[in-house]
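Since the structure comes first, as structure tokens, the remarks are kept for the end.
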Amino acid sequence: MRLDQLPLNRPAKVLAIAWADLADTAAKRLRELGFDEGVTVEAVHVAPFGKDPIACRVGRMTVALRRAQAQAISVEATAA
């Protein structure tokens, strides 16, 4: 599943990131924030009506992502 489809407050492991689908600046920002294969993420908030942004927890940080960026990240839900 993609990160934008992950239920709220459900931890998941990043399986793959479609770097080619992201703008260079967005890809660089995600790398700097710690997004990479194998990292644990958790969606903690979605804007009303399914719009941007999606707030995700990566480690101890909470990061706001655009829906298009979240769609480029494949995740697998893990046990809490």
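Hydrophobic cluster membership differs between W19 and L15, with clusters built from Ile, Leu, Val, Met, Phe, Trp and Tyr side chains linked at under 4.5 angstrom.
For Q5, the side chain to side chain contact (heavy atoms under 4.5 Å, CB included) test picks out M1, R2, with sequence neighbours left out. Take T40 and apply the side chain to side chain contact (heavy atoms under 4.5 Å, CB included) test, not counting sequence neighbours, and it matches P11. Every residue two or more places apart in sequence or in another chain that forms a side chain to side chain contact (heavy atoms under 4.5 Å, CB included) with A55 is listed here: V44, H45, T62. By the side chain to side chain contact (heavy atoms under 4.5 Å, CB included) test, K28 pairs with E32, sequence neighbours left out. When the salt bridge (charged side-chain N to carboxylate O under 4.0 Å, His left out) test is applied to R67, the partners found at least two apart in sequence or on another chain are D4. R66 meets the salt bridge (charged side-chain N to carboxylate O under 4.0 Å, His left out) test with no other residue; sequence neighbours excluded.
Legend: salt bridge (Lys or Arg N to Asp or Glu O under 4.0 Å) pairs involving residues 36-49, not counting sequence neighbours, sorted by first then second residue: E42-R57.
Using a 4.5 Å cut-off on side-chain heavy atoms (C-beta onward), R29 and V63 make contact. Side-chain contact between L22 and L30 is present, with heavy atoms from C-beta onward closer than 4.5 Å.
Taking both residues in full, the closest heavy atoms of A72 and D21 are given as CB-CB, 4.5 Å, listed atom of the first, atom of the second, then distance. Heavy-atom minimum distance, G34 versus V58: O-CG1, 4.2 Å.
The hydrophobic cluster around L8 extends to V46, I54, counting ILVMFWY residues whose side-chain heavy atoms fall within less than 4.5 Å of a member.
One finds the CG atom of L6 at 12.0 Å from the OG atom of S74 (value rounded to the nearest 0.5 Å).
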